[in-house]
Amino acid sequence: MDLNSDLGEGFGAWKMGDDEAMLDIVTSANVACGFHAGDPSVMRRVCELAAERGVAIGAHVGYRDLAGFGRRALDIAPEDLANEVLYQIGALDAFARAAGSRVTYVKPHGALYNTAAGNAEQAAAIVDGLRRYDPALALLCLPDSEMQRQAEKAGVVAYAEAFADRAYTAEGRLVSRKQPGAVLHDAAAVAERAVAMATGGGVLTADGGKLDLRPDSLCVHGDTPGAVELARRIRAGLAEAGVPLGAFTG
């Protein structure tokens, strides 16, 4: 099982999360590419730290929306979106290669992730940008989503992701961050959910139902308060359950 986190989300003098501590725990790092967060110095440092630790590097591409942290949906033409995805992958891969590593996968961020889960046109644009850079790159996305379907249609390998620290709807989508209880903070409960997801036990939805997700990778958000402790508890829980850890692109 892979354990990933959204990292490199500082910008200039503004710091977010503890990238160094998280990189000691996770097996894959979704690194912001400068559109929703991150800047060249942040990207370089996170890529260097990931390369030193043997952590897989993924391009965390988003809408061009620094002020909204990429969590506001934008009306963008598919061709423009494909170009912006291509641009972001290339920027991050330059830093990854300078650090002796490379980008091995792409994961959309925030509003782009949520929109493309159900919008075929946006999902296809993401896949198009990925393929134009390197069709061998993997796509990390929600299972049974338009992103997964468009990737498979284009011959791109898609891996299913589940969120240990987010609540789910009955349809298998993430509960909006505007709703109470959308982000989970109890470390013990989050670790228990993660182990259940990784071992085929499913996860309870916000309305009390149950989803069978069967993910290839588990995500804990780097900007969630207490993220380092959450990640540590998840990793320990997986180890105790006998679930081997490793990057899904390894």
Side-chain angles (χ1 to χ4, degrees), residues 4-12 14-17 19 22 28-44 46-47 50 56-96 103-119 121-133 137-142 145-148 150-151 156 158-159 161 163 165-166 173-174 176-178 182-183 217 219-224 227:
N4 78 75
S5 187
D6 302 341
L7 303 176
E9 294 182 325
F11 184 81
W14 179 57
K15 308 299 180 184
M16 176 176 279
D19 292 336
M22 291 295 283
S28 294
N30 320 312
V31 184
C33 304
F35 271 34
H36 76 274
D39 62 29
S41 295
V42 172
M43 292 160 71
R44 177 180 175 181
V46 175
C47 285
I57 298 172
H60 201 32
V61 299
Y63 288 128
R64 194 197 302 252
D65 181 27
L66 281 174
F69 194 56
R71 288 183 175 155
R72 301 181 294 192
L74 299 183
D75 184 9
I76 178 171
E79 183 178 358
D80 291 336
L81 178 57
N83 290 337
E84 295 198 347
V85 167
L86 173 61
Y87 181 98
Q88 291 176 79
I89 298 170
L92 185 68
D93 196 39
F95 289 109
V103 168
T104 57
Y105 68 96
V106 174
K107 173 186 169 179
H109 164 80
L112 179 57
Y113 189 100
N114 293 332
T115 300
N119 185 304
E121 193 172 54
Q122 294 259 300
I126 292 169
V127 173
D128 184 34
L130 179 158
R131 288 183 69 252
R132 288 178 185 275
Y133 188 81
L137 292 176
L139 180 67
L140 186 59
C141 59
L142 280 178
S145 65
E146 279 299 332
M147 284 187 286
Q148 185 178 53
Q150 293 299 322
V156 170
Y159 289 91
E161 175 182 39
F163 292 82
D165 58 354
R166 291 294 308 277
R173 301 292 182 254
L174 299 179
S176 169
R177 285 178 177 269
K178 297 177 182 179
V183 181
S217 181
C219 178
V220 57
H221 287 88
D223 67 325
T224 297

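Owing to the predicted nature of the structure, the values given are computational and were not obtained by experimental measurement.
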Could you tell me whether the side chain of Asn30 and the main chain of Asn4 form a donor-acceptor pair under 3.5 Å?
no
Restricting to non-hydrogen atoms, name the atom on Met22 and the atom on Val220 that form the minimum distance, rounded to 0.1 Å.
CE-CG1, 3.9 Å
Heavy atoms of Leu7 and Ala29 approach each other most closely as CD1-CB, 3.9 Å
Quick one: does Tyr113's side chain have a donor or acceptor within less than 3.5 Å of a partner on Leu142's backbone?
yes
What is the distance from atom CG of Asn119 to atom CG of Leu112, rounded to the nearest 0.5 Å?
10.0 Å
Within 6.0 angstrom of Tyr133 OH, more than 12 heavy atoms from elsewhere
yes
May I ask you to decide if Tyr63's main-chain N or O and His36's side chain share a donor-acceptor pair within less than 3.5 Å?
no
Counting only heavy atoms from other residues, nucleotides and ligands, does the tally under 6.0 Å from CZ of Arg132 exceed 12?
no
Closest heavy-atom pair and its distance - Leu137, Val156:
O-CG1, 3.6 Å
Leu139 and Pro108 have their tightest heavy-atom pair at CD1-CD, 4.1 Å
Look only at the side chain of Ser176 and the backbone of Lys178, and say whether a donor-acceptor pair between them is shorter than 3.5 Å.
yes
Between CD on residue Glu121 and CD on residue Gln150, distance to nearest 0.5 Å
10.0 Å
Does Asn83 reach the main-chain N or O of Glu79 with its side chain, forming a donor-acceptor pair under 3.5 Å?
yes
Ignoring hydrogens, what is the shortest heavy-atom contact between Asp39 and Gly12? Give both atom names and the distance.
OD2-N, 2.6 Å
Got Pro40 and Phe95 here, is their nearest side-chain heavy-atom distance under 4.5 Å?
yes
Can you give each donor-acceptor pair under 3.5 Å made by side-chain atoms of residues 67-78, sequence neighbours left out, with the distance rounded to 0.1 Å?
residue: Arg71; atom: NH2; partner: Asp223; partner atom: OD2; Å: 3.0
residue: Arg72; atom: NE; partner: Asp65; partner atom: OD1; Å: 3.3
residue: Arg72; atom: NE; partner: Asp65; partner atom: OD2; Å: 3.1
residue: Arg72; atom: NH2; partner: Asp65; partner atom: OD1; Å: 2.5

Worked verdict on Cys33 versus Ile89 for side chain to side chain contact (heavy atoms under 4.5 Å, CB included)
CA-CA 7 Å; Cys33 304; Ile89 298 170; over 6 Å; no
Rounded to the nearest 0.5 Å, how far does CG of Leu86 lie from CD1 of Ile126?
13.5 Å
Given His60, which partner from the list Gln88, Lys107, His109 fulfils the side chain to side chain donor-acceptor pair (under 3.5 Å) test?
His109
Determine the minimum heavy-atom distance between Ile57 and Tyr105, stating which atoms define it.
C-CE2, 3.7 Å
Residue Arg131 excluded, over 12 heavy atoms near CZ under 6.0 Å
no
For the CD atom of Glu146 and the SG atom of Cys141, what is their distance to the nearest 0.5 Å?
10.5 Å
